[in-house]
Engineer: 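First the structure, which I've put down as structure tokens, then a few questions once you've had a look.
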Amino acid sequence: MIDSEFRNKIHQLMAGVPAGNVTTYGDLAAFAGHAYAARAVGMIAHYGDESLPWHRLVNRFGGLASGYYGGREVQAVMLEAEGVKISPEFVVEKFKDRRWQPKL
DNA sequence: CGAGTGACCGCAA
DNA sequence: ATTGCGGCCACTC
């Protein structure tokens with residue numbers, strides 16, 4: 001269910017992220033209309049939804065976020081299962097190349 | 001109803 | 001180059 005347009009955008013973009021790619025909070029927030037609302041994206045991810053592929057969400061450095069269900073290790077495994085290589089430090093390898101952009 | 005927190009990012013000094 | 005601060009939205013107590 002979608003109420004706020006901001007959340008709607010996040011849902012749409014998040015659901016549109018193809019497996020094997022990752023996106024960042026800043027990009028989602030920017031495409032949602034608020035480049036400085038990256039924080040809100042994280043909140044929506046944690047409290048707003050639970051059935052979306054949030055494991056494809058990474059921070060600006062390409063590192064897995066914290067507070068994820070189960071822990072970063074689970075998220076890392078999930079990403080690897082989709083074809084994304086994760087470094088031992090929980091950082092997406094070639095993140096710059098794997099960084100998926102909503103539309104651009 | 002009001003206030004605070006929270007999975008972040010960008011800029012300024 | 002590094003450190004510190006501000007700002008957005010949503011959800012909870």
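Below, read A as the first sequence line, B as the second, and so on, with proteins coming before strands; counting in each chain starts at 1.
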Engineer: Could you tell me the separation between the NZ atom of A:K9 and the P atom of C:dA10, rounded to a whole number of Å?
Structural biologist: 14 Å
Engineer: Quick one: are A:R56 and A:M78 in side-chain contact, heavy atoms under 4.5 Å?
Structural biologist: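 Answer no - side chains too far apart.
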Engineer: How does protein reach along nucleotides 3-13 of chain B, written 5' to 3' as B (base within reach of a heavy atom under 4.0 Å), S (only sugar-phosphate), or - (no contact)?
Structural biologist: ---BBBSS---
Engineer: Distance check, P atoms only: B:dG4 and C:dG6, in whole angstrom units.
Structural biologist: 15 Å
Engineer: Output all residues satisfying salt bridge (charged side-chain N to carboxylate O under 4.0 Å, His left out) with A:R60, sequence neighbours left out; order by chain, then residue number.
Structural biologist: none
Engineer: A:E80: what forms a salt bridge (charged side-chain N to carboxylate O under 4.0 Å, His left out) with it, not counting sequence neighbours?
Structural biologist: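 Counting only residues at least two positions away or on another chain, A:E80 forms no salt bridge (charged side-chain N to carboxylate O under 4.0 Å, His left out).
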Engineer: Atom CZ of residue position A:R99 - does it have more than 12 heavy atoms of other residues, nucleotides or ligands inside 6.0 Å?
Structural biologist: yes
Engineer: With heavy-atom distances below 4.5 Å as the criterion, would you say the side chains of A:V58 and A:T23 are in contact?
Structural biologist: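 No - every pair of side-chain heavy atoms lies 4.5 Å or more apart.
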Engineer: Please report the distance separating the P of B:dT5 from the corresponding atom of C:dC5, rounded so that it comes out in whole Å.
Structural biologist: 16 Å
